[in-house]
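In what follows, a structure is listed as structure tokens, so that the remarks can point back to it.
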Amino acid sequence: EAGVAQSPRYKIIEKRQSVAFWCNPISGHATLYWYQQILGQGPKLLIQFQNNGVVDDSQLPKDRFSAERLKGVDSTLKIQPAKLEDSAVYLCASSLDLAVSNTEAFFGQGTRLTVV
Amino acid sequence: AQSVTQLDSQVPVFEEAPVELRCNYSSSVSVYLFWYVQYPNQGLQLLLKYLSGSTLVKGINGFEAEFNKSQTSFHLRKPSVHISDTAEYFCAVTDFGNEKLTFGTGTRLTIIP
């Protein structure tokens with residue numbers, strides 16, 4: 001079974017530039033998550049989709065971050081403009097449904113963003 | 001809101017020795033608890049989870065964890081570690097009815113040959 005695919009694996013940009021990350025979840029998974037993992041910290045949920053609708057984006061800095069999941073499959077996360085503190089690993093995960101107690105969330109390898 | 005504390009950021013252990021990785025949580029309601037592992041250059045993988053029932057939970061690769069409600073802990077153990085266990089381990093919690101994972105800061109397990 002193919003896992004969660006993310007690209008690119010690494011990205012270096014200058015502050016104030018824009019960047020986009022792409023995620024292809026496991027086929028058939030309705031729920032998709034984007035997490036931010038800053039060095040030395042645990043992953044923090046940025047946004048959660050159920051099919052193509054947003055379930056939770058309470059921790060997404062909406063002045064600079066945006067995400068979409070067209071057709072309820074692939075998703076993109078964009079940062080515009082980037083700040084130094086956005087340097088982190090951005091993880092995408094997917095699961096069959098919303099309830100983590102009933103289903104397992106599968107994670108991609110992540111995209112490591114460095115803002116200089 | 002729930003939170004998770006992993007007191008040890010790094011744990012070095014000799015090969016074939018036992019290991020315990022500590023996790024304490026804070027929540028005003030009942031919780032579900034999880035341990036994830038992140039091997040080098042790989043994504044997070046579920047090791048085990050506690051939902052209800054027996055407080056001793058067995059997971060993959062010989063790991064187990066014990067839920068202790070009075071001490072609000074969910075420590076991860078393995079009786080004999082191998083080089084292949086070298087990884088970062090994350091404890092996570094979610095409240096009943098609010099199934100969003102809150103992760104700890106992680107513990108890097110290093111196995112010494």
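Source: prediction; values computed, not measured. Labels below follow one simple rule: chain letters A, B, ... track the order of the sequence lines, proteins then strands, and each chain is numbered from 1. As a basis for the values below, the full set of heavy atoms in this structure was taken, side chains included, without hydrogen atoms, waters or symmetry mates.
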message = Is a donor from one side chain sitting under 3.5 angstrom from an acceptor on the other, for B/Ser26 and B/Asn24?
response = no

Contacting moiety of [X], where chain B heavy atoms sit under 4.5 Å:
X: A/Thr103; result: backbone
X: A/Ala105; result: both
X: A/Tyr35; result: side chain
X: A/Gln37; result: side chain

Side chain of [X], backbone of [Y]: donor and acceptor closer than 3.5 Å?
X: B/Gln2; Y: B/Tyr25; answer: no
X: B/Asn68; Y: B/Gln71; answer: yes
X: B/Gln10; Y: B/Thr110; answer: no

remark   = Scored by heavy-atom pairs under 4.5 Å with chain A, the best of B/Val4, B/Thr102, B/Asn41 is B/Asn41

note = Among B/Glu88, B/Lys100, B/Arg108, B/Gln42, the residue with the most heavy-atom pairs under 4.5 Å to chain A is B/Lys100

key: Residue B/Leu46 versus chain A: region with a heavy atom under 4.5 Å   = both

query = By a 4.5 Å heavy-atom criterion (distance strictly below it), what part of B/Gln38 contacts chain A: side chain, backbone, both, or neither?
reply = side chain

request  = Could you check A/Gln50 against A/Thr31 for side chain to side chain donor-acceptor pair (under 3.5 Å), going step by step and ending with a plain yes or no?
outcome  = CA-CA 5 Å; A/Gln50 179 70 359; A/Thr31 308; 2.5 Å; yes

query = Do the charged groups of B/Arg77 and B/Glu64 touch, with an N to O distance under 4.0 Å?
reply = no

